[in-house]
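To start, the structure under review is shown below, and the notes come after it.
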Amino acid sequence: MRLRELRLHHLDLPLVAPFTTSFGTEVSKATYVVEATVDTPAGPVTGWGECVAMRAPLYSPEHLSGAAEVTQRWIAPALFAVQDLRAESVAEHLEHLIGHPMAKAAVEMAVLDAQLRAIDLSFSAYLGVLRRTVPSGVSVGIQDTVSQLLEVVHGYVDAGYARIKLKIKPGADLEPVAAVRAEFGPDLPFQVDANAAYTLVDAPHLRHLDEHDLLLIEQPLGEADIRQHGELARLMRTPMCLDESIVSPEAAADAITLGAAAVINIKPGRVGGYLQARAIHDLSRAHGIAVWCGGMLETGIGRAANAALAGLAGFTLPGDISGSDRFYAQDIVTEPIVMHDGVVDVPTGPGFGVEVDREIMARFTTGVQTLTP
Ligand code: OSB
Ligand code: MG
């Protein structure tokens with residue numbers, strides 16, 4: 001394949017409700033969707049990807065406009081120069097560029113979608129996924145009051161979500177967690193995510209979470225604190241799960257070796273793409289470490305790709321793969337992911353199995369960058 005053009009469609013998608021984490025509140029989702037045109041033996045084919053970097057570097061070091069700049073100045077030229085490009089070689093062609101996994105992942109994703117469409121193969125079949133559905137969990141933002149929180153969680157539980165994840169931060173942790181556990185009882189699959197809001201000196205406080213039989217605690221400490229997560233894991237009964245810290249297979253290997261992760265949240269964007277995500281899945285599975293598929297408020301493109309990835313056998317816990325309507329009144333694909341009976345379907349169409357609705361996308365488009373050789 002030869003990469004002919006990359007088009008970055010910059011979007012601003014309103015959220016159905018504000019989403020608050022320990023690092024901030026979002027009322028709309030900014031992203032860019034990558035439209036890749038590749039020449040294949042079957043003629044020109046279009047593939048789609050999306051960038052999960054956020055507006056500001058509050059979750060990870062990347063930010064959206066920086067990712068677009070890196071794509072325009074370095075990623076695109078490097079790939080335009082390749083005579084015979086394959087999705088499996090994108091990462092190696094970009095290896096000399098340090099960091100920027102989310103920028104790289106978005107482009108690899110679009111190339112992979114095009115490559116699979118050219119041979120009429122679904123991403124799930126490409127991965128060897130046998131499952132037809134995957135359990136659907138939901139990530140609940142920090143709410144202003146406990147009664148509001150219970151109302152929001154009731155909505156998701158009544159809708160049938162397979163697991164609830166609650167965002168926590170210092171000052172909004174033990175009380176809301178206790179309230180949810182008391183309201184929904186011991187059988188609710190329930191976990192928390194701190195997005196790096198604590199330090200190891202908070203261990204005596206965090207230990208109180210052990211009283212609430214959580215499935216796991218996600219990333220209580222900083223991105224660089226793998227060893228400290230290992231120490232905290234030894235002080236708590238609640239299984240330790242890492243998100244922000246797992247930026248590569250090497251980081252996953254370190255975390256597993258140091259006892260810092262009983263569970264790993266795999267986000268394809270954070271680790272540089274879906275192929276690297278599969279590598280972390282394989283490594284974790286070989287070590288008996290449970291993984292689940294995280295989310296970054298993806299549009300229908302990333303949401304479909306995540307549903308396929310989560311079909312791999314090592315994804316033994318429900319992911320943050322909620323129905324599109326959990327975040328968006330209007331998605332940009334013709335058949336958005338729907339949660340039913342606590343699961344979402346693994347897409348079966350060619351590539352990621354979704355079609356972008358260009359008319360709808362245009363409504364949310366704030367700008368388009370066309371990159372050519
Ligand atoms: O830490 O998992 C996280 C959203 C943005 C940034 C970080 C995280 C999240 C979520 C939402 O928890 C997951 C989703 O897309 O449903
Ligand atoms: Mg997280």
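Excluded from the calculations below are hydrogen atoms, water molecules and symmetry mates; all remaining heavy atoms, backbone and side chain alike, are included. On a predicted model such as this, the values are computed, not experimentally measured, just so you know.
Using modelled atom types and a 3.5 Å distance limit, the side chains of E88 and Q115 yield a donor-acceptor pair. A donor atom on one side chain and an acceptor atom on the other are not found under 3.5 Å apart for H154 and E151. For the residue pair N195 and S22, no side-chain donor N or O sits within less than 3.5 Å of a side-chain acceptor on the partner. Side chains of D173 and H205: a donor-acceptor N/O pair is present below 3.5 angstrom, by distance only. In the model, T299 has a side-chain atom that pairs as donor or acceptor with a side-chain atom of E50 under 3.5 Å.
Salt bridge R181/E175: absent, no basic N to carboxylate O contact under 4.0 Å. Of the charged side-chain nitrogens involved, at least one lies within less than 4.0 Å of a carboxylate oxygen, so that D243 and R270 count as a salt-bridged pair. Ionic pairing of K165 and D320 is present here: one or more N-O contacts between side-chain nitrogen and carboxylate oxygen are shorter than 4.0 angstrom.
Separating the CG atom in D193 from the CD atom in E218 is a distance of 3.5 Å, to the nearest 0.5 Å. Here CG of L6 is found 9.5 Å from CD of E35. Values are rounded to the nearest 0.5 Å. With rounding to the nearest 0.5 angstrom, the CG atom of N265 is 9.5 Å from the CG atom of L242. For the atom pair D12 CG and S28 OG, the distance stands at 3.5 Å (nearest 0.5 Å). To the nearest 0.5 Å, atom CD1 of residue I246 and atom CD1 of residue I280 are 7.0 Å apart.
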field: Trace of the salt bridge (Lys or Arg N to Asp or Glu O under 4.0 Å) decision for E231 with R227
entry: CA-CA 7 Å; E231 291 197 20; R227 182 190 56 78; 2.5 Å; yes
query: Is there a ring pair (Phe, Tyr, Trp, His ring centres under 6.0 Å) between H212 and F190 once you walk through the steps?
result: CA-CA 9 Å; H212 304 292; F190 182 32; 8.3 Å; no
field: Residues H9, F364; criterion ring pair (Phe, Tyr, Trp, His ring centres under 6.0 Å); working and verdict
entry: CA-CA 9 Å; H9 301 264; F364 302 110; over 10 Å; no
- prompt: Is there a side chain to side chain contact (heavy atoms under 4.5 Å, CB included) between M109 and Y274 once you walk through the steps?
  reply: CA-CA 7 Å; M109 201 180 165; Y274 282 84; 3.8 Å; yes
task: Applying salt bridge (Lys or Arg N to Asp or Glu O under 4.0 Å), run through R7 and E5 and close with a yes or a no.
output: CA-CA 6 Å; R7 204 167 275 205; E5 185 186 271; 3.2 Å; yes
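Of all heavy-atom pairs spanning F19 and V140, the tightest one is CE1-C, 4.3 Å.
A donor-acceptor pair is defined here as one N or O able to donate and one able to accept, closer than 3.5 Å; no such pair exists between the side chain of R55 and the backbone of T31. Side-chain N or O atoms of S122 include none that pairs as donor or acceptor with a backbone N or O of G351 at under 3.5 Å.
Ring geometry for F352 versus F123: interplanar angle over 60°, hence perpendicular rather than tilted (30 to 60°).
Among V338, N306, V134, the single residue meeting the side chain to side chain contact (heavy atoms under 4.5 Å, CB included) criterion with V344 is V134.
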